[in-house]
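Below: the structure, in structure tokens.
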Amino acid sequence: MKITDLAIIFTAIFLPMFIILGFRSENLEDIRYVELKYSSALRTAAQDAGFMLNVNASQGMEPAYDSLKFMNADKELALESFAKTLYINMGIAEDPAAQAALWWYIPALVVIDYDGYYIYALQSYESDAGEEVLQHVWSPKIPYAWTDSIGNSVHFTLDSYVNVYESASRQWQRGYQKELSGRTLVRLLDNEDTFEQMRRITIVNQIQEHLTYYIQRHNQGALRNGISYNFMLPYIAQEEWLNTIDDIGLLAFIQGLPIGDQYYNNYALGGGRLVKNPVYYGSMDHRGIRYYYREVCSFGDAILEVFPSAKQAAAAGYLEKSCVNPGVL
């Protein structure tokens, strides 16, 4: 067989394959470009929404709050900012139909507030005409709640401030963990390290459980709307979960969004980036001298009072005590 015949046979067999692979390569490049565009849009939208959480929903307290304890994140403003930024960066700012369709691929948003969280997810309700309507709505605020084996309950926050229910006395107490240590029947509050570990685990696990529930419920509504994609909570590293609860923020998911013959799946976190003011504890040493110190210090004396600022502690008659040079008052 002549070499020209072999060349013709080779070309006839492999040329279509090369053409198909070329189309496939171009298609993959296009998909990659769209994925990067969507990821940038989602990340920017989450960041903008997180920034808007800095605005206190309780406007009367806006000029006065000294710590996150008095902060009530404005979830509606954050949602509005998230949607607006996402629409603009995905090129659908002037397309209401595309905007409505996009929300079928957003199974859940989570606003992580100081003393609880909200989930914005698909829920059904009955209209005035008696028809079932599916719509994204906010859940009530869900507290970061922990309960022990004898019915004591602790509502955590994003710092060490807690609301504690003692089942024996049927009474609630409020305060920082160090302030309540040894003063309740809830043993969890008596050890700072154990308390902090349980606080973080409880918050993360609780958000994960509720997200799983709402995302699975989203599957049912999406299927009735003709979307057969199986939505599920994506894997998020434990370290990243723990970072999400250091400040108020918004967690957003996009899943199952068609791109060519593939699907786009991603999530993004936008933090409020609020600066947490330090807490100051007032104590008294064996000489009867009252002193105050930052929450990062520990001297072993009973905590008498808690202050949001050093100025207030000093005004109450306490002297400053430093961790660096604890012998100096």
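Atom set for the values below is all heavy atoms of this structure, side chains included, hydrogens, waters and symmetry mates excluded.
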Q. So, does Arg290 use its side chain to make a donor-acceptor pair with the main chain of Ala316 at under 3.5 Å?
A. yes
*Given side chain to side chain contact (heavy atoms under 4.5 Å, CB included), test Leu53 with Asp74 step by step and report yes or no.*
CA-CA 6 Å; Leu53 290 173; Asp74 193 332; 5.8 Å; no
| Is the closest side-chain heavy-atom distance between Val154 and Asn163 below 4.5 Å? | no
Checklist entry - Heavy atoms, side chains only, cut-off 4.5 Å: are Leu251 and Tyr267 in contact? => result yes
Note: Ala46 and Leu269 closest approach over all heavy atoms is CB-C, 4.1 Å
Can you check whether Ile150's main-chain N or O pairs, donor with acceptor, with Ser167's side chain at less than 3.5 Å? yes
*Should we count CD of Gln197 as having more than 12 external heavy atoms under 6.0 Å?*
no
Side chain to side chain contact (heavy atoms under 4.5 Å, CB included) evaluation trace for Leu42 with Phe82 | CA-CA 9 Å; Leu42 178 61; Phe82 173 82; 4.1 Å; yes
Review point. For the side chain of Asp301 and the backbone of Ser283, is there at least one donor-acceptor N/O pair under 3.5 Å apart?
Key: no
Q: Verify whether the ring centers belonging to Tyr144 and Tyr117 lie closer than 6.0 Å.
A: yes
key: Heavy-atom side-chain contact between Asn152 and Val186 under 4.5 Å   = yes
- Query: Any donor and acceptor pair, going by atom type alone, linking the side chain of Ser81 with main-chain N or O of Leu77 inside 3.5 Å?
  - Reply: no
| query | With ring centroids as reference points, do His136 and Trp104 lie under 6.0 angstrom apart? | reply | no
Rounded to the nearest 0.5 angstrom, the CZ-CG distance for Arg43 and Asp48 is 12.0 Å
### Asn265 versus Tyr229, side-chain donor and acceptor atoms under 3.5 Å
yes
Looking only at heavy atoms, the pair that brings Met52 and Ala78 closest together is CB-CA, 4.1 Å
Are Tyr38 and Tyr263 joined in one hydrophobic group, where the rule is that I, L, V, M, F, W and Y side chains link up if heavy atoms are under 4.5 Å apart?
yes
Checklist entry - Looking at side-chain heavy atoms only, is the closest gap between Ile227 and Tyr105 below 4.5 Å? => result yes
CG of Asn219 to CD1 of Ile215, rounded to nearest 0.5 Å, is 8.5 Å
**Prompt:** Hey, is the main chain of Gly288 close enough, under 3.5 Å, to the side chain of Asp285 for a donor-acceptor pair?
**Reply:** yes
Using the rule that Ile, Leu, Val, Met, Phe, Trp and Tyr join whenever any side-chain heavy atoms are under 4.5 Å apart, tell me whether Tyr213 and Val111 fall into a single cluster. yes
* Heavy atoms, side chains only, cut-off 4.5 Å: are Ile245 and Val204 in contact? -> yes
*Verdict with reasoning, Asp159 to Tyr176, per side-chain hydrogen bond (donor to acceptor under 3.5 Å, both in side chains)*: CA-CA 8 Å; Asp159 57 25; Tyr176 291 94; 4.8 Å; no
(Q) side chain to side chain contact (heavy atoms under 4.5 Å, CB included) for Leu319 and Ile289? Distances and angles first, verdict last. (A) CA-CA 8 Å; Leu319 301 176; Ile289 298 177; 4.1 Å; yes
When rounded to the nearest 0.5 Å, the distance separating CD of Gln208 from CD1 of Ile236 is 7.5 Å
Review point. Below 4.5 Å, heavy atoms only, C-beta onward: do Glu166 and Gln173 meet side chain to side chain?
Key: yes
CE of Met284 to OH of Tyr291, rounded to nearest 0.5 Å, is 10.0 Å
is_close_aromatic(Phe195, Phe156), centroid dist under 6.0 Å:
yes
_Ring centers of Tyr293, Phe299 separated by less than 6.0 Å_ = yes
Taken in chain and number order and not counting sequence neighbours, the residues that satisfy side-chain hydrogen bond (donor to acceptor under 3.5 Å, both in side chains) with Glu196 are Arg199, Arg200
Are Val137 and Leu109 connected, step by step, through hydrophobic side chains (Ile, Leu, Val, Met, Phe, Trp, Tyr) whose heavy atoms are closer than 4.5 Å?
no
### Message
Between Asp115 and Leu158, is there a side-chain heavy-atom distance shorter than 4.5 Å?
### Response
no
Residues passing the side-chain hydrogen bond (donor to acceptor under 3.5 Å, both in side chains) test with Tyr264, sequence neighbours excluded, are Ser39, Asn266
When rounded to the nearest 0.5 Å, the distance separating CG of Leu185 from OG of Ser169 is 6.5 Å
Fill in: Heavy-atom donor-acceptor pair, Ser40 side chain to Leu36 backbone, under 3.5 Å
no
message = Tell me if a side-chain donor or acceptor on Ser139 pairs with a main-chain N or O of Ile119 at a distance below 3.5 Å.
response = yes
Between Arg217 and Leu122 the two heavy atoms that sit nearest each other are NH2-O, 3.6 Å
**Test item: Val162 and Thr157 side chains (from C-beta on) under 4.5 Å apart, heavy atoms** = no
Nearest heavy-atom approach of Pro107 to His218 is CA-ND1, 3.6 Å
| query | How are the rings of Tyr165 and Trp172 set to each other: parallel, tilted or perpendicular (split at 30° and 60°)? | reply | tilted
Subject >> Stepwise side chain to side chain contact (heavy atoms under 4.5 Å, CB included) check, Ile142 with His210 >> reply: CA-CA 9 Å; Ile142 306 170; His210 277 98; 3.9 Å; yes
Hydrophobic cluster identity match, Phe253 and Met232, side-chain contacts under 4.5 Å:
no
To the nearest 0.5 Å, atom CD of Gln206 lies from atom CH2 of Trp146 at 13.0 Å
Smallest heavy-atom separation, Phe231 atom then Gln255 atom, equals CE2-O, 3.2 Å
Closest non-hydrogen atoms of Tyr118 and Pro140, given as atom of the first, atom of the second and distance, are CD2-C, 4.0 Å
For residues 87-100, please give each side-chain donor-acceptor pair under 3.5 Å, one per line with the distance, not counting sequence neighbours.
residue	atom	partner	partner atom	Å
Tyr87	OH	Trp103	NE1	2.7
Asn89	ND2	Thr85	O	2.9
Asp95	OD1	Ala97	N	3.3
Asp95	OD1	Ala98	N	3.2
Gln99	NE2	Ile92	O	2.8
Gln99	NE2	Ala93	O	3.1

**Prompt:** Does a sphere of radius 6.0 Å around CZ in Arg187 hold more than 12 heavy atoms from other residues, nucleotides or ligands, not counting ones at 6.0 Å or beyond?
**Reply:** yes
